[in-house]
2 protein chains.
Amino acid sequence: MTTPAPNHSQPLEAVAVSMTPLQRFDEYLQSKGLRNTEQRKFLIEQVFNRHEHFDADQLIDQLPAKGQANYVSRPTVYRTLREFVDAGLLNRFELDGRSVYEHDYGYPEHDHLYCTKCRKLIEFTSEEILQLRETVAKRHRFRVRDHRFIIHGVCDECTKLRNRDRKQDRV
Amino acid sequence: MTTPAPNHSQPLEAVAVSMTPLQRFDEYLQSKGLRNTEQRKFLIEQVFNRHEHFDADQLIDQLPAKGQANYVSRPTVYRTLREFVDAGLLNRFELDGRSVYEHDYGYPEHDHLYCTKCRKLIEFTSEEILQLRETVAKRHRFRVRDHRFIIHGVCDECTKLRNRDRKQDRV
DNA sequence: ATCGTTGCAAACGTTTTGCATAAGG
DNA sequence: CCTTATGCAAAACGTTTGCAACGAT
């Protein structure tokens, strides 16, 4: 399994919101006639506990194992992640052929730099990108829902590491 | 299987190149000490025959079936697509959890609008996106290799279709 | 003659499904 | 009580791999 590094060097500031993720999820469930179960409450807690990019496997690894308290089965994790996305709590995008999730609710819109060496995702915001998006969409009479912009390359730390290794090779 | 529509409404103009894809692939193979087989020659022909976005399954569907002349097995198709990408003939990107390919060699850099209704990919070029990419990368001391920018939404045709359906509903 | 390539079958990793049981409202 | 949610097992999906036979140079 490939696992992207869950950190990001420059955390963006949270946007002020009136409800906690749990409250907002409750509202979503009620509006849909769905139920808030122990598993869902527990997963909300686990997911919004810390701000990180993660995939389903990384989340499952951090959950209690089978037999332990608060165990949640793999299918339920997948089903619940989908609910979180539908509820607007999480953002999903594809990276290296699997789904990666990040906080959406109460978090500013942003895009990513992706280091192909250490698999770190670095967030950045850009106002121009939204303008550009609108310009292009208008030109094609296209109704924009959202976008994905990801810049692939090598981050500063990995570049430095590589340079250091090269120097050592020469000695 | 999900299959994106293979057309794109406004084809970009080909860039002038000195070699055909086959010639360029031959050069690549020789530089790597690899061999050009019947299967590879046939796949080059099939892939560069028409300009479309396609995934592995769509390509395989268009190839002769098992038992017929020029049959190429599924693993070989996958292995060859990878070679084409390595050789710079094709571009690969992820869409809805699978790999999509498009011509790279002799074709200008561009990004995509993706209609989530009809799954059509529409190409567009933007000079600002490269500038923006550089600005962001410099700010994070990031070494850019490339980027993916895809705008999700609904294309003009699908919007018109929907409006027409709504009108009919009212009658 | 060598060594890369092919087709087959089987595996892979991720995600989804059918179904019987459990539990929220 | 009614319906949604869960866990289990198994399937689905796109893709990759090991290997023996084949074929290009």
Side-chain angles (χ1 to χ4, degrees), chain A residues 1-4 22 25-44 54-61 63-87 90 92-101 119, chain B residues 1-4 22 25-44 54-61 63-87 90 92-101 119:
Chain A
M1 188 205 62
T2 47
T3 55
L22 180 57
F25 192 52
D26 267 336
E27 202 175 64
Y28 165 82
L29 291 173
Q30 282 187 16
S31 77
K32 294 257 186 181
L34 305 178
R35 295 163 185 174
N36 204 352
T37 62
E38 287 307 314
Q39 288 90 335
R40 284 170 179 170
K41 282 181 216 157
F42 183 68
L43 287 177
I44 285 258
F54 64 94
D55 61 26
D57 246 47
Q58 289 175 312
L59 175 57
I60 289 165
D61 284 351
L63 297 176
K66 199 186 290 197
Q68 313 236 344
N70 285 320
Y71 168 70
V72 182
S73 71
R74 181 170 284 269
T76 294
V77 169
Y78 276 97
R79 287 184 282 230
T80 306
L81 285 174
R82 181 179 292 199
E83 301 279 11
F84 288 172
V85 172
D86 288 349
L90 291 183
R92 184 203 344 243
F93 56 101
E94 312 262 333
L95 199 57
D96 292 337
R98 72 194 180 293
S99 291
V100 175
Y101 301 85
R119 315 210 151 196
Chain B
M1 187 204 62
T2 47
T3 54
L22 180 58
F25 191 53
D26 266 336
E27 202 174 63
Y28 165 83
L29 292 174
Q30 282 187 15
S31 77
K32 293 259 184 180
L34 305 178
R35 293 162 187 177
N36 204 352
T37 62
E38 288 306 314
Q39 288 90 334
R40 284 171 179 169
K41 284 181 216 158
F42 183 68
L43 288 177
I44 285 258
F54 64 94
D55 61 25
D57 248 46
Q58 289 175 312
L59 175 56
I60 289 165
D61 284 352
L63 297 175
K66 198 187 290 196
Q68 314 238 343
N70 285 320
Y71 167 70
V72 182
S73 70
R74 179 170 286 268
T76 294
V77 169
Y78 276 97
R79 286 185 283 230
T80 307
L81 285 174
R82 180 179 291 198
E83 301 279 10
F84 289 172
V85 172
D86 288 349
L90 291 183
R92 184 201 347 241
F93 56 101
E94 312 260 334
L95 198 56
D96 292 337
R98 74 196 179 291
S99 291
V100 175
Y101 302 84
R119 316 211 150 195

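When reading the values below, keep in mind they use all heavy atoms of this one structure, side chains included, and skip hydrogens, waters and symmetry mates.
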Comparing nearest nucleotides in DNA chain D, the 5'-proximal residue of the pair B:T37, B:A56 is B:A56
Taken to the nearest whole Å, CG/B:D57 to P/D:dC13 is 10 Å
From the candidates D:dT15, C:dG7, D:dA9, the one with an atom nearest any side-chain atom of B:S99 is D:dT15
Side-chain contact check for B:L34: nearest option of D:dT15, C:dG4, D:dC8 is C:dG4
For B:Y28 and B:E83, the nearest pair of non-hydrogen atoms, with its separation, is OH-OE1, 3.5 Å
Rounded to whole Å, CD of A:E94 lies from C1' of D:dG14 at a distance of 12 Å
Practice prompt. Would you mind checking if A:D57 and A:R74 are paired as a salt bridge, meaning a charged N to carboxylate O distance below 4.0 Å?
Written response: yes
Here the distance between atom C1' of C:dT16 and atom CD1 of A:I60, to the nearest Å, is 13 Å
Quiz item: Can you tell me if the side-chain N/O atoms of A:Q39 get under 4.0 Å from OP1 or OP2 in C:dA23?
Solution: no
Check the phosphate of D:dA5 against A:R79, side-chain N and O only, distance under 4.0 Å to OP1 or OP2. Yes or no? no
Relative to each other, are the rings of A:F25 and A:F84 parallel, tilted or perpendicular (30° and 60° limits)?
perpendicular
Hits for ring pair (Phe, Tyr, Trp, His ring centres under 6.0 Å) against B:F42, two or more places apart or cross-chain, chain-then-number order -> none
Overall bend of the helix from C:dA1-D:dT25 to C:dG25-D:dC1 (five pairs an end, 10° steps) is 30°
Query - B:R74 side-chain N/O to D:dT16 phosphate OP1/OP2 under 4.0 Å - result: no
When rounded to whole Å, the CZ to C1' distance for the pair B:R82 and C:dG4 reads 16 Å
Atom CG of A:D86 and atom C1' of D:dT4 are separated, to the nearest Å, by 16 Å
Checklist entry - With a 4.0 Å cut-off on heavy atoms, is B:K32 in touch with a base, just the backbone sugar-phosphate, or nothing at all? => result nothing
Separation of D:dA24 atom C1' from B:L29 atom CG, nearest Å, is 12 Å
The residue, B:N36 or B:P75, whose nearest nucleotide of DNA chain C is more 5′ is B:N36
query = Taking OP1 and OP2 of D:dA5, is either one under 4.0 Å from a side-chain nitrogen or oxygen of A:R40?
reply = yes
Closest heavy-atom pair, B:S99 versus B:E94, reported as atoms and distance to 0.1 Å, is OG-OE2, 4.0 Å
When rounded to whole Å, the CD to C1' distance for the pair A:E38 and C:dA22 reads 13 Å
Report the C-alpha separation of A:R119 and A:D96 in whole Å, then their side-chain angles, then the decisive distance to 0.1 Å, and conclude whether the salt bridge (Lys or Arg N to Asp or Glu O under 4.0 Å) test is met. CA-CA 10 Å; A:R119 315 210 151 196; A:D96 292 337; 3.4 Å; yes
Test side chain to side chain contact (heavy atoms under 4.5 Å, CB included) applied to B:T37 and B:R40, step by step | CA-CA 5 Å; B:T37 62; B:R40 284 171 179 169; 3.5 Å; yes
Testing C:dG7, D:dG23, C:dG24 for proximity to the side chain of B:R35, the answer is D:dG23
Side-chain atoms of A:Y78 come closest, of D:dA24, C:dT15, D:dC8, to C:dT15
Practice problem: Might you confirm whether atom NZ of B:K41 has over 12 heavy atoms from other residues, nucleotides or ligands at distances under 6.0 Å? | Solution: yes
Rounded to whole Å, CG of A:L95 lies from P of C:dG13 at a distance of 18 Å
